[in-house]
Amino acid sequence: MDEQLSRLTPDRYPAVPNGSPFPGLSHLQFEAELYLSVLAPHARPAADRIPSREDTRIRAATAMMRERLADSITLADLGAEVHLSSFHFVRVFKKATGVTPYQYLTRLRIDEAKRLLRHTDLTIDQVAGRCGFASSGALSTAFLRHTGARPSVYRNS
């Protein structure tokens, strides 16, 4: 392990006037570098990993989200689909994906809206309806938050 840690020495990251051996690296970048250098080589390859019960549940929930993208989907619906309470479902989902079910569903909807805006002549109202947004205003707000552009600007770019 010391040999692996030696890859993170100051010769890899030259010292700066304040004596820090890691100039320009935030603590998160350093932690990521440390993980990749020390722990990742010992991790089990994904192909050898046995899917857990939660993995199966997450796949079922994400499949439901994709299939019912235009529908109103509640946490209760998703939890019932995978036989978990809403509260426990959110915990399991976030642990597995790193985001909440709402964030995941919104990202799916925005990705579909991007596809429709690029490849169809549907109005923004129609795109909003097909992607599960209550109105073109709701689509526009979410789209701007996720992409930095309004749907009309995105379509015309």
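Residue pairs satisfying the salt bridge (charged side-chain N to carboxylate O under 4.0 Å, His left out) criterion with at least one member in residues 114-127, sequence neighbours excluded, are listed as follows: E112-R115. The ring-ring contact (aromatic ring centres under 6.0 Å, His included) contacts involving residues 116-157 comprise F143-Y154, where partners must be two or more places apart or lie in separate chains. Residue pairs meeting the side-chain hydrogen bond (donor to acceptor under 3.5 Å, both in side chains) criterion with at least one partner in residues 102-111, sequence neighbours excluded, are R66-Y104, T100-Q103.
Across A96 and I58, no two heavy atoms sit closer than the pair CB-CG1, 3.7 Å. Between A70 and G129 the shortest heavy-atom distance is CB-O, 3.6 Å.
Residues M64 and D77 form a side-chain contact, since some pair of their non-hydrogen atoms from C-beta on lies under 4.5 Å apart. Residues L75 and P101 have side chains in contact (heavy-atom distance under 4.5 Å, counting atoms from C-beta outward). With contacts defined as side-chain heavy-atom distances shorter than 4.5 Å, the pair P151/V127 does not qualify.
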Which atom pairs, one a donor and one an acceptor, fall under 3.5 Å between side chains of residues 82-91 and the rest of the protein, sequence neighbours left out?
unit_1	atom_1	unit_2	atom_2	d
S85	OG	H88	N	3.1

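A distance of 7.0 Å separates OG of S140 from CD1 of I124, quoted to the nearest 0.5 Å. In this structure, CD on E81 lies 8.0 Å from CZ on R68, to the nearest 0.5 angstrom. Between the OG atom of S157 and the CG atom of L117 there is a distance of 9.5 Å, given to the nearest 0.5 Å.
In this structure, L144 is not a member of the same hydrophobic cluster as L139, with clusters built from ILVMFWY side-chain heavy atoms closer than 4.5 Å. By the rule that hydrophobic residues join a cluster once side-chain heavy atoms approach within less than 4.5 Å of another member, L105 and L116 end up as members of separate clusters. Neither M65 nor I110 shares a network with the other; the hydrophobic side chains, linked directly or stepwise wherever heavy atoms of I, L, V, M, F, W or Y lie under 4.5 Å apart, form separate groups for each. Follow the hydrophobic side-chain contacts under 4.5 Å out from L69 and you never reach L122; the two are in separate clusters.
Within a 6.0 Å radius of CZ in R155, other residues, nucleotides and ligands contribute more than 12 heavy atoms.
Taking the side-chain hydrogen bond (donor to acceptor under 3.5 Å, both in side chains) definition, one finds that T62 meets it with nothing, sequence neighbours left out. Residues satisfying the side-chain hydrogen bond (donor to acceptor under 3.5 Å, both in side chains) criterion with S72, sequence neighbours excluded, are absent altogether.
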